[in-house]
**Student:** 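Okay, handing you the structure first.
Computed over heavy atoms, backbone and side chain alike; hydrogens, waters and symmetry mates excluded. Nothing fancy with the numbering, it's 1 onward along the sequence.
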Amino acid sequence: MPVFLQTVVNKDIITYMESLRNEKQREVLMRFFKTAPGEYGYGDEFLGLKVPQTREVVKAAGPDFPMEEVPELLMSKWHEVRLCGFLILVAKFEKLATKRLENDAEAIKKRDEIVQMYLQYAEQANNWDLVDLTAPKILGGWLVTPLLSPEGNDPMQIDYKRKVLDELAQSNNLWKQRMSIVCTWKTSQMGDPSWCLRYAEIHLHHPHDLMHKAVGWMLREMGKRVSMDLLREFLHQHAHEMPRTMLRYAIEKMTEQERKEWMSTY
């Protein structure tokens with residue numbers, strides 16, 4: 001367990017994580033996350049830590065780690081330190097989103113503060129792993145929990161949440177756009193396909209391969225968790241205009257014969 005366990009602050013975290021620097025692993029990660037000039041991760045810097053090492057630091061920091069300390073982690077030049085900061089926000093959110101606290105006014109207020117910080121520093125989640133490990137749990141968790149109003153299904157809440165996601169989807173930032181679709185993993189898990197279908201349609205003609213994969217992945221999960229017939233209905237409407245990668249990801253849970261039919265027909 002990290003040496004700073006008893007008195008953890010952000011500078012302890014950064015110093016400790018820097019002490020774990022692994023040059024060989026760093027080079028592997030730099031290639032894997034496409035950091036060369038012209039690639040989507042260009043300019044990102046890695047220490048060479050594996051995710052379990054970062055999770056160990058998050059566990060040591062705990063969900064009670066001071067909120068005011070998190071931004072320094074999120075603004076770090078190191079990919080793994082930023083991941084640590086975002087995962088601390090995940091831990092905080094999940095602690096406040098238990099069944100017991102779901103409708104608690106103070107917990108709702110604190111959850112919203114976490115979401116606002118997440119959105120404020122969204123551009124710091126500048127690679128797919130940073131988005132995928134956090135957006136479903138923070139934004140997705142926010143979508144399926146109530147805000148401060150008498151009824152959790154109040155239409156005004158839905159409108160507000162949709163506005164927040166629309167702003168992400170319509171931004172010029174690839175990672176914010178990915179957040180808007182990947183966070184629907186949680187809503188599909190909870191049996192609500194509407195969020196996935198909305199943002200899959202919005203991103204249907206996105207030019208980037210990373211979004212083709214993300215949309216196809218979320219459609220696949222929606223089909224698996226909610227309804228394969230609903231997925232088929234969406235594909236009948238849109239498969240002819242979907243990028244092949246998106247379609248291929250969306251149909252992965254279908255039988256081999258059905259996959260062949262979709263790929264050959266469209």
**Student:** Quick check: closest heavy atoms across L143 and C183, and the distance to 0.1 Å?
**Tutor:**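 Heavy-atom minimum between the residues: CD1-SG, 4.0 Å.
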**Student:** Atom CH2 of W195 and atom OG1 of T184: how far apart are they, to the nearest 0.5 Å?
**Tutor:**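 Output value for this atom pair is 10.5 Å.
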**Student:** Shortest non-hydrogen contact from F93 to I114?
**Tutor:**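 Taking F93 first and I114 second, the nearest heavy atoms are N-CD1, 3.6 Å.
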**Student:** How long is the straight-line distance from CD1 of I13 back to OG of S76, given to the nearest 0.5 Å?
**Tutor:**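 If I round to the nearest 0.5 Å, the distance is 11.0 Å.
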**Student:** Would you please test R111 and E113 for salt bridge (Lys or Arg N to Asp or Glu O under 4.0 Å) and show each step?
**Tutor:** CA-CA 5 Å; R111 288 200 303 264; E113 290 172 358; over 6 Å; no
**Student:** Taking the side chain as C-beta and beyond, is there a heavy-atom pair between E23 and V28 under 4.5 Å?
**Tutor:**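 No, their side chains stay 4.5 Å or more apart.
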**Student:** Report the C-alpha distance between D159 and R162 in whole Å, list the side-chain angles of each, state the deciding distance to 0.1 Å, and finish with yes or no for salt bridge (Lys or Arg N to Asp or Glu O under 4.0 Å).
**Tutor:** CA-CA 5 Å; D159 289 346; R162 187 180 294 128; 3.4 Å; yes
**Student:** Ring centres under 6.0 Å, that's the criterion: do Y249 and H212 meet it?
**Tutor:**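 Ring centroids of Y249 and H212 are no less than 6.0 Å from each other.
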**Student:** For F33 and W128, I'd like to know if the aromatic rings sit close, meaning centre-to-centre distance below 6.0 Å.
**Tutor:**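 Ring centres of W128 and F33 closer than 6.0 Å.
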**Student:** Any chance you could lay out the side-chain contact (heavy atoms from CB on, under 4.5 Å) test for W217 and V182, step after step, and finish with the verdict?
**Tutor:** CA-CA 8 Å; W217 170 29; V182 171; 4.2 Å; yes
**Student:** Could you verify whether a donor N or O on one side chain and an acceptor N or O on the other, from E241 and H205, lie under 3.5 Å apart?
**Tutor:**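 H205 and E241 do have a side-chain donor-acceptor pair below 3.5 Å.
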**Student:** Taking side chain as C-beta onward, heavy atoms only, is D166 less than 4.5 Å from R198?
**Tutor:**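 Touching, per the 4.5 Å side-chain cut-off.
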**Student:** Flag yes if Y160 and I158 sit in one hydrophobic cluster, no otherwise; membership is Ile, Leu, Val, Met, Phe, Trp, Tyr, and two members link when side-chain heavy atoms are under 4.5 Å apart.
**Tutor:**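 Yes: a chain of side-chain contacts under 4.5 Å links Y160 to I158.
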**Student:** Just checking, any donor-acceptor pair under 3.5 angstrom between side chains of D229 and S227?
**Tutor:**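 D229 vs S227: no donor-acceptor pair found between side chains.
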**Student:** Side chains of E123 and W175: any donor to acceptor distance under 3.5 Å?
**Tutor:**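 No, E123 and W175 have no side-chain donor paired with an acceptor closer than 3.5 Å.
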**Student:** Check whether any side-chain N or O of K161 sits under 3.5 Å from a backbone N or O of W142 as a donor-acceptor pair, and report yes or no.
**Tutor:**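 Flag set: sc K161 to bb W142 pair under 3.5 Å.
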**Student:** Would you please name every residue forming a ring-ring contact (aromatic ring centres under 6.0 Å, His included) with W262, sequence neighbours left out?
**Tutor:**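 Here the qualifying residues are H236, Y266.
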**Student:** W78 vs R21, test: side-chain contact (heavy atoms from CB on, under 4.5 Å). Steps then yes/no.
**Tutor:** CA-CA 11 Å; W78 301 118; R21 183 171 176 141; 3.1 Å; yes
**Student:** Do the side chains of R82 and E80 get close enough for a salt bridge, i.e. N-O under 4.0 angstrom?
**Tutor:**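 Salt bridge between R82 and E80, a charged N being under 4.0 Å from a carboxylate O: no.
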**Student:** Got S188 and M218 here, is their nearest side-chain heavy-atom distance under 4.5 Å?
**Tutor:**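 Counting from C-beta outward, S188 and M218 never come under 4.5 Å.
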**Student:** Look only at the side chain of N22 and the backbone of K24, and say whether a donor-acceptor pair between them is shorter than 3.5 Å.
**Tutor:**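 The answer is yes, because a donor-acceptor pair under 3.5 Å joins these two groups.
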**Student:** Are the side chains of E45 and R26 in touch, meaning some heavy atoms are under 4.5 Å apart?
**Tutor:**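 Sidechains of R26 and E45: in contact.
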**Student:** Taking the side chain from S264 and the backbone from E261, do they hold a donor-acceptor pair closer than 3.5 Å?
**Tutor:**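 Yes: the side chain of S264 pairs with the backbone of E261.
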**Student:** Could you measure the distance from the NZ atom of K260 to the CD atom of Q257? Nearest 0.5 Å is fine.
**Tutor:**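 CD of Q257 is found 6.5 Å from NZ of K260.
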**Student:** Does D132 come within less than 4.0 Å of R178, counting only side-chain N to carboxylate O?
**Tutor:**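 Looking at D132 and R178, the cut-off is met.
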**Student:** Strictly distance-based, threshold 3.5 Å: is any side-chain N or O of T255 a donor or acceptor partner for the main-chain N or O of E258?
**Tutor:**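 Yes; judged by distance alone, with no hydrogens or angles, the pair exists.
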**Student:** Hey, can you tell me if H206 and H203 have their rings parallel, tilted or perpendicular (30° and 60° cut-offs)?
**Tutor:**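 Perpendicular, since the angle between the ring planes exceeds 60°.
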**Student:** Just to verify, what does E167 make a salt bridge (Lys or Arg N to Asp or Glu O under 4.0 Å) with, not counting sequence neighbours?
**Tutor:**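 Per chain and number, E167 pairs via salt bridge (Lys or Arg N to Asp or Glu O under 4.0 Å) with K163.
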**Student:** Does this structure show an ion pair linking D44 with K77, if we count only N-O contacts that are shorter than 4.0 Å?
**Tutor:**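 Here D44 does not pair with K77 in a salt bridge, since their nearest N and O are not under 4.0 Å apart.
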**Student:** Counting distance only, does the side-chain N/O of D104 pair as donor-acceptor with the main-chain N or O of A107 below 3.5 Å?
**Tutor:**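 Yes: the side chain of D104 pairs with the backbone of A107.
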**Student:** Is the backbone N or O of M263 less than 3.5 Å from a side-chain atom of R244, with the two atoms forming a donor-acceptor pair by type?
**Tutor:**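 At least one qualifying donor-acceptor pair exists.
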**Student:** Is any side-chain heavy atom of L87 closer than 4.5 Å to a side-chain heavy atom of R55?
**Tutor:**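 The answer is yes; the side chains approach within 4.5 Å.
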**Student:** Might you point out which heavy atoms bring L74 and L89 nearest each other, and give the distance in Å?
**Tutor:**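 Looking at all heavy atoms of both residues, the shortest contact is CD1-CD1, 4.3 Å.
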**Student:** Under a 3.5 Å distance rule, please check whether R220 uses its side chain to pair with a backbone N or O of I251 as donor and acceptor.
**Tutor:**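 Checking the backbone N and O of I251 against the side chain of R220, no donor-acceptor pair under 3.5 Å is found.
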**Student:** Kindly determine whether V58 and F65 satisfy side-chain contact (heavy atoms from CB on, under 4.5 Å), including the steps that lead there.
**Tutor:** CA-CA 9 Å; V58 174; F65 183 81; over 6 Å; no
**Student:** Does the side chain of Y40 come under 3.5 Å of the side chain of N126 through a donor N or O and an acceptor N or O?
**Tutor:**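 Y40 vs N126: no donor-acceptor pair found between side chains.
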**Student:** State plainly whether the residues E256 and R259 are in salt-bridge range, i.e. N to O under 4.0 Å.
**Tutor:**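 Answer for the salt bridge query: no.
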**Student:** Side-chain heavy atoms under 4.5 angstrom apart, residues restricted to Ile, Leu, Val, Met, Phe, Trp, Tyr: same cluster for Y42 and L210?
**Tutor:**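 Different clusters: Y42 never reaches L210 through Ile, Leu, Val, Met, Phe, Trp or Tyr contacts under 4.5 Å.
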**Student:** List the atom of M222, the atom of C196, and the distance in Å for their closest heavy-atom pair.
**Tutor:**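 The answer is CB-SG, 3.8 Å.
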**Student:** Is a side-chain N or O of K92 found less than 3.5 angstrom from the main chain of P63, in a donor-acceptor match?
**Tutor:**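 The answer is yes, because a donor-acceptor pair under 3.5 Å joins these two groups.
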**Student:** Using the salt bridge (Lys or Arg N to Asp or Glu O under 4.0 Å) rule, take E221 and K224 through it: C-alpha gap first, then chi angles, then the decisive distance, then the call.
**Tutor:** CA-CA 5 Å; E221 291 301 310; K224 183 174 74 172; 3.4 Å; yes
**Student:** L83, M75: one ILVMFWY side-chain cluster at the under-4.5 Å cut-off?
**Tutor:**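 Per the 4.5 Å side-chain linkage, L83 and M75 are co-clustered.
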**Student:** Can you measure from CE (M67) to CD1 (I88) and round to the nearest 0.5 angstrom?
**Tutor:**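 Reported to 0.5 Å precision, the distance equals 11.0 Å.
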**Student:** I need the S171 OG to Q177 CD distance, nearest 0.5 Å.
**Tutor:**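 Answer rounded to 0.5 Å: 5.0 Å.
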**Student:** Do E201 and L197 make a side-chain contact, defined as non-hydrogen atoms from C-beta onward lying under 4.5 Å apart?
**Tutor:**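 No, every pair of side-chain atoms sits at 4.5 Å or beyond.
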**Student:** Indicate the atoms forming the closest heavy-atom contact of Q53 with L49, along with that distance.
**Tutor:**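 Looking at all heavy atoms of both residues, the closest pair is OE1-CA, 3.4 Å.
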**Student:** Return each pair, listed once, that meets ring-ring contact (aromatic ring centres under 6.0 Å, His included) where at least one residue sits in residues 102-126; pairs must be two or more places apart or across chains.
**Tutor:**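 Qualifying pairs: F86-Y118.
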**Student:** Locate the shortest heavy-atom distance separating N103 from P146; write the atom from each residue and the value.
**Tutor:**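 Taking every non-hydrogen atom into account, OD1-CG, 3.3 Å.
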**Student:** Could you state the interatomic distance from CD (E39) to CE (M30), rounded to the nearest 0.5 Å?
**Tutor:**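 If I round to the nearest 0.5 Å, the distance is 10.5 Å.
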**Student:** Taking side chain as C-beta onward, heavy atoms only, is L139 less than 4.5 Å from L119?
**Tutor:**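 Yes; the side chains approach each other to less than 4.5 Å.
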**Student:** Should D129 and H79 be marked as a side-chain contact (heavy atoms from CB on, under 4.5 Å) after you check the CA-CA gap, both sets of side-chain angles, and the distance that decides it?
**Tutor:** CA-CA 10 Å; D129 63 318; H79 184 102; 2.7 Å; yes
